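Notes follow the structure.
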2 protein chains.
Amino acid sequence: MPQPSAPRKTLGRPPRISREEIIATARRIVDEGGVGRLTMRRLAAEVGSTPMALYHHVRDKEELLVLLLDDYAARTLRRPRLPDHPRERIVVAATAIHEALAACPWIVEVLTADDLLSTSALWFVEQIVDGLVGCGLPLDRAVHGYRAIWYYTAGEIVVRTTAARRRADDDRATYREQVFADLDPSELPRLTQAADRWAPLTAEDTYRDGLQALVDGLLARR
Amino acid sequence: MPQPSAPRKTLGRPPRISREEIIATARRIVDEGGVGRLTMRRLAAEVGSTPMALYHHVRDKEELLVLLLDDYAARTLRRPRLPDHPRERIVVAATAIHEALAACPWIVEVLTADDLLSTSALWFVEQIVDGLVGCGLPLDRAVHGYRAIWYYTAGEIVVRTTAARRRADDDRATYREQVFADLDPSELPRLTQAADRWAPLTAEDTYRDGLQALVDGLLARR
DNA sequence: AAGAGTTTCTGTACATGTAAGAAAAGTTAG
DNA sequence: CTAACTTTTCTTACATGTACAGAAACTCTT
């Protein structure tokens, strides 16, 4: 594992490519042609190197994607002015993260990553935890609350993005319709009742609603 | 796309393998050696066929995994006796799904799938939607509520499983510690305060707590 | 200057998912 | 029986991520 920033100045063969260059190029490729265009070989070619040389600056492709997400977050996550009221602060902070992530759909493959994303996102985490504390939760419950919010947020993005990808697929969309058409009304009355409205209902963006409900619920358990 | 069950009885070359056989064998491989052992080549070999022959019974590996999950759900999802009170019913139904899914960690790759999983899970969806309606929500809000619960549930499993996978990795664990050690206490006071407790706190299983909070919040917005 | 040590890069090789097309094994029409 | 047709299977081939082994390009020591 080469250190991201080696302590010594120059020792050994001098590098011809840098992690920054790799990330910048990867970003360009993704911006131009989507994450599907990003292969280690193509990236190496564009950087003017060989595939395996990349592996001295990046552990594997997954880490590259995480770095790409970090980079994206650092560049686009602007700190909004937050309301004074702690509950509102939580909602606004979480929504800001959600919006930023939802705007770049290729992250789904990385999103499954971890609880706290890049360093640039820490401020938002802080705001959420602090907001929960400000509403009267003890610190440990606030951390748990933040995690619940993160689960909800990550889940929403992952599920929604993947669903959108599938909806583009005729066969699978047809399969879903079939499931709803074949419902047994006596055993599944509510689903039958909602069957024809299901598609539009699930297409609605209800992230904020659910978030507020979750926050309310978390605060009510004080 | 070959139909899962062709209308005509016999026409063309008779199949030597069936989708069921494929799924059963895949299940065995996964049970024995984890999902990492499941490759199309190995599966073909164990079935006594060639890799490409599988593709006449299964669209691609992802579909195979979805089918595997369906199969798993159909075999292990037992319907628990649900409480009468609708709110409790929601919590118990969701927890049952969550437990079943959390018990088979390989699904993460599929979980990102869709809102409703296999047919066997529909009953649970019904219970949740019906519980929400029983608590006074109109049907469309109940569907939205169910989706929020599903986002939370899927997110919890995906994030937690991936986090566990990474925790096995020393480098990444160290990196995380580093992030917490380097916090600026003046800018991120809460995180600093929680820094040393973060690892144990996030290791706790708080699914149920968060779920109840979410349900409470959903019901409070009646 | 020669060697040792260190880091980066290159070349080759393998496992994987799967696309494309040919071949095989039936059924049915003539 | 032969030819056409259909469905399944097999063969071959390619793109991809990445392991491994060494070569290359430096600095530091002697």
Side-chain angles (χ1 to χ4, degrees), chain A residues 1-23 25-26 29-30 33-68 106 109-110 165 169 171-172, chain B residues 1-23 25-26 29-30 33-68 106 109-110 165 169 171-172:
Chain A
M1 251 319 74
Q3 313 295 7
S5 54
R8 303 181 204 72
K9 264 299 148 49
T10 53
L11 184 57
R13 178 174 179 168
R16 307 176 54 167
I17 56 180
S18 67
R19 180 182 269 216
E20 288 67 35
E21 193 184 350
I22 291 175
I23 295 176
T25 310
I29 294 176
V30 170
V35 76
R37 279 273 170 287
L38 182 64
T39 72
M40 298 307 270
R41 286 176 223 273
R42 196 184 317 264
L43 178 55
E46 301 240 353
V47 167
S49 184
T50 60
M52 289 313 289
L54 303 176
Y55 285 83
H56 270 261
H57 302 86
V58 154
R59 161 199 292 259
D60 53 17
K61 192 177 180 184
E62 189 183 323
E63 186 183 82
L64 174 65
L65 288 172
V66 173
L67 290 170
L68 222 45
W106 52 267
E109 348 236 343
V110 201
R165 191 150 45 191
D169 179 343
D171 288 345
R172 280 195 252 258
Chain B
M1 254 316 76
Q3 313 295 10
S5 52
R8 301 181 206 73
K9 263 299 147 54
T10 54
L11 185 54
R13 178 172 178 167
R16 306 177 54 167
I17 56 181
S18 66
R19 179 183 268 215
E20 288 67 34
E21 192 184 350
I22 291 175
I23 295 177
T25 310
I29 294 177
V30 170
V35 74
R37 279 275 170 285
L38 182 65
T39 71
M40 298 306 269
R41 286 178 224 275
R42 194 184 319 264
L43 178 54
E46 301 241 352
V47 167
S49 184
T50 60
M52 291 312 290
L54 303 176
Y55 285 81
H56 269 261
H57 302 86
V58 155
R59 162 198 292 257
D60 53 17
K61 194 179 179 183
E62 190 185 322
E63 186 183 84
L64 174 64
L65 289 172
V66 172
L67 290 171
L68 221 46
W106 52 267
E109 350 235 341
V110 200
R165 191 151 44 192
D169 179 342
D171 288 346
R172 281 194 251 256

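As the structure is a computational prediction, the values presented were derived from the model and not from experiment. Below, chain A is the first sequence line, B the second, and so on; all start at residue 1.
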Among D:dT9, C:dT16, D:dT12, the one nearest B:Arg41 by side-chain distance: C:dT16
So, does B:His56 get its side chain near the phosphate of D:dC10, meaning an N or O under 4.0 Å from OP1 or OP2? no
Mind checking whether A:Ile17 and A:Thr25 have side chains closer than 4.5 Å, heavy atoms only? no
Nearest of C:dT18, D:dT8, C:dT8 to any side-chain atom of A:Arg13? C:dT8
Where is the tightest heavy-atom contact between B:Pro51 and B:Ala44, given as atom of each residue plus distance? N-CB, 3.3 Å
Give one of base, sugar-phosphate or nothing for B:Leu38, where a contact means two heavy atoms less than 4.0 Å apart. sugar-phosphate
Report yes if a side-chain nitrogen or oxygen of A:Ser49 is closer than 4.0 Å to either non-bridging phosphate oxygen (OP1 or OP2) of C:dT10; otherwise report no. yes
Using the C1' atoms of five pairs at each end, what's the angle between the two axes of the helix from C:dA1-D:dT30 to C:dG30-D:dC1, to 10 degrees? 30°
Side chain of B:Pro14 (C-beta onward), nearest among C:dA25, C:dC9, D:dA25: C:dA25
Side chain of B:Arg16: nearest nucleotide among C:dG17, D:dT18, D:dC10? D:dC10
First encountered from the 5' end of DNA chain C, between B:Arg42 and B:Gly12: B:Arg42
Determine the contact category for B:Thr39: base if any of its heavy atoms lies under 4.0 Å from a base atom, sugar-phosphate if only primed atoms, P, OP1 or OP2 are that close, otherwise nothing. sugar-phosphate
